[in-house]
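Residue numbering restarts at 1 for every chain, and letters A, B, ... go by the order of the sequence lines. None of these values were measured; they are calculated from a predicted model.
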Amino acid sequence: MNTDQQILVPIPALFSFQECLWFLNRNYDDCLHVISDNTIYKALEIDGEIVLTSIRESGPFLEIAVLKGNVSPASKNYLVAYVTEWFDMQRSIQPFYDLLALDGRLAYMVHDFKGLRLIGIDNLFEAICWCIIGQQINLSFAYKVKRRLVERFGGKIEHDGQHYFVFPTAEVLAQATMDELKAMQFSEKKAEYIIGIAKAFASGALSKSAIEALPDFTSRKRALTDHKGIGAWTANYALMKSLKEPEGIPHGDIGLLNALSHHNIIQDRSETLKIEALFNAFKGWESYLVFYLWRSLAVKDLS
DNA sequence: CCCCAGGCGGCAG
DNA sequence: CTGCCGCATGGG
């Protein structure tokens, strides 16, 4: 391998690449990355060209390699920024652990999930589409539908006989037809929502930079929920995963409610006051708490 | 046939 | 603003 195609990113304190791998590989068939031998393979579009990258741990660094495609020095900076943001490597999460340690029901997470970072979805359009796909259906089916969409409309790069995909652009999905999406088992409504959101992004009516420029959480959330198909849950999830908003709590999320129930924090789904009290104790770290609670769902015997 | 799944929009009150 | 209802679609 050409060494000038390799980039090293220092690993911060309280960061576990194994936890990143675990999250990206947790029993679901995600079409936007491949994991093999402790290495992540991911296609990325840089300056209009799709390149294939690999990410692995190498001593005190994450090592990013470009396996196919050429990257300029500027693109290397982009790759570092991308990975740093994807795995939320910039943040010091010790304050979050201090809060966890104060709660007897959650303190074990500091040890069991040590170094887990909030894995992001940089592309806001992708994050919103993923939410719409996942609304009110089980996750394994959602991943199937996403794969059909990505393999039909997304860009791809081939390497060693395997295809690696990037999420479709809004411009492409804005041209998709209802029938095409319904054939992939999108419901009528979801097909409508996806095309509508794609048109909004393609026209510039909706963009990550415009949302980021808004002054506060409430207005950012409102700018999202103004669009058909984006409700409170989707807006919060998108803000949490794409804009890394600490306040982005996907209220009502079935996984979140199940996790709260497993930890005996609530007895049933209507106990909003108890949920509010919990999150009040985690000001500034709400989205991290959600992410760690989701992480806990994979632990079998909590009872 | 039933209920559920990482909801949403619409419409009464 | 809140609460409820219909809606789609596959899976157990």
Item to check | Nearest-nucleotide 5' precedence on DNA chain B, A:P250 against A:H227 | outcome: A:P250
Next on the checklist: For A:S187 and A:N138, find the nucleotide of DNA chain C closest to each by heavy atoms; which residue's nucleotide sits nearer the 5' end?
Outcome noted: A:S187
Checklist entry - Roughly how many Å is it from OH in A:Y143 to C1' in C:dG11, rounded to a whole number? => result 17 Å
Checklist entry - Taking atom C1' of B:dC8 as reference, at what distance in whole Å does atom CZ of A:F186 sit? => result 16 Å
Checklist entry - Between B:dG7 atom P and A:I194 atom CD1, what is the distance in whole Å? => result 15 Å
Item to check | Residue-phosphate contact under 4.0 Å: A:R269 side-chain N/O, B:dG7 OP1/OP2 | outcome: no
Checklist entry - C:dT9 C1' sits how many Å from A:L181 CG, rounded? => result 14 Å
Next on the checklist: Has A:E286 got a side-chain atom pairing as donor or acceptor with A:G284's backbone, closer than 3.5 angstrom?
Outcome noted: yes
Checklist outcome for this item: Checking B:dG9, C:dT9, B:dG7 against the side chain of A:Y193 (C-beta onward), the nearest is B:dG9
Checklist entry - Below 4.5 Å, heavy atoms only, C-beta onward: do A:I137 and A:K190 meet side chain to side chain? => result yes
Checklist entry - When the distance from CG of A:L149 to C1' of C:dT9 is rounded to whole Å, what number comes out? => result 16 Å
Item to check | Other residues, nucleotides, ligands: >12 heavy atoms within 6.0 Å of A:R26 CZ | outcome: yes
Next on the checklist: Taking only side-chain N and O atoms of A:T234, does any of them lie within less than 4.0 angstrom of OP1 or OP2 on B:dC8?
Outcome noted: yes
Checklist outcome for this item: Whole-Å distance, A:E188 CD to C:dG10 P, equals 14 Å
Next on the checklist: Does atom NZ (A:K189) have a neighbourhood of more than 12 heavy atoms from anything else shown, all under 6.0 Å?
Outcome noted: no
Next on the checklist: For DNA chain B, which residues of residues 125-136 of chain A approach it to below 4.0 angstrom with any heavy atom?
Outcome noted: A:G134, A:Q135, A:Q136
Next on the checklist: I want to confirm an ordering. Mapping A:K241 and A:K228 to their closest nucleotides on DNA chain B, which one lands closer to the 5' end?
Outcome noted: A:K241
Checklist entry - Are any of A:K144's side-chain N or O atoms less than 4.0 Å away from OP1 or OP2 of C:dG11? => result yes
Checklist entry - A:A232 near the nucleic acid: base, sugar-phosphate alone, or nothing, with a heavy-atom cut-off under 4.0 Å? => result sugar-phosphate
Checklist entry - Parallel, tilted or perpendicular for A:W285 and A:F96, by the 30°/60° rule? => result parallel
Checklist entry - So, A:D253 versus A:W233: side-chain donor-acceptor pair below 3.5 Å or not? => result yes
Checklist outcome for this item: note: A:I137, atom CD1; C:dG12, atom C1'; distance rounded to Å ~ 15 Å
Item to check | Nearest non-hydrogen partners of A:S296 and A:Y108, listed with the distance | outcome: CB-OH, 3.6 Å
Checklist entry - Between A:K189 and C:dG6, is there a side-chain N or O to OP1/OP2 distance below 4.0 Å? => result no
Item to check | A:C31 backbone acceptor or donor facing A:E151 side chain under 3.5 Å | outcome: no
Next on the checklist: Using a 4.0 Å heavy-atom cut-off, does A:L256 contact any base of the nucleic acid, only the sugar-phosphate backbone, or nothing at all?
Outcome noted: nothing
Item to check | Between C1' of B:dG7 and CD of A:E192, the distance in whole Å | outcome: 15 Å
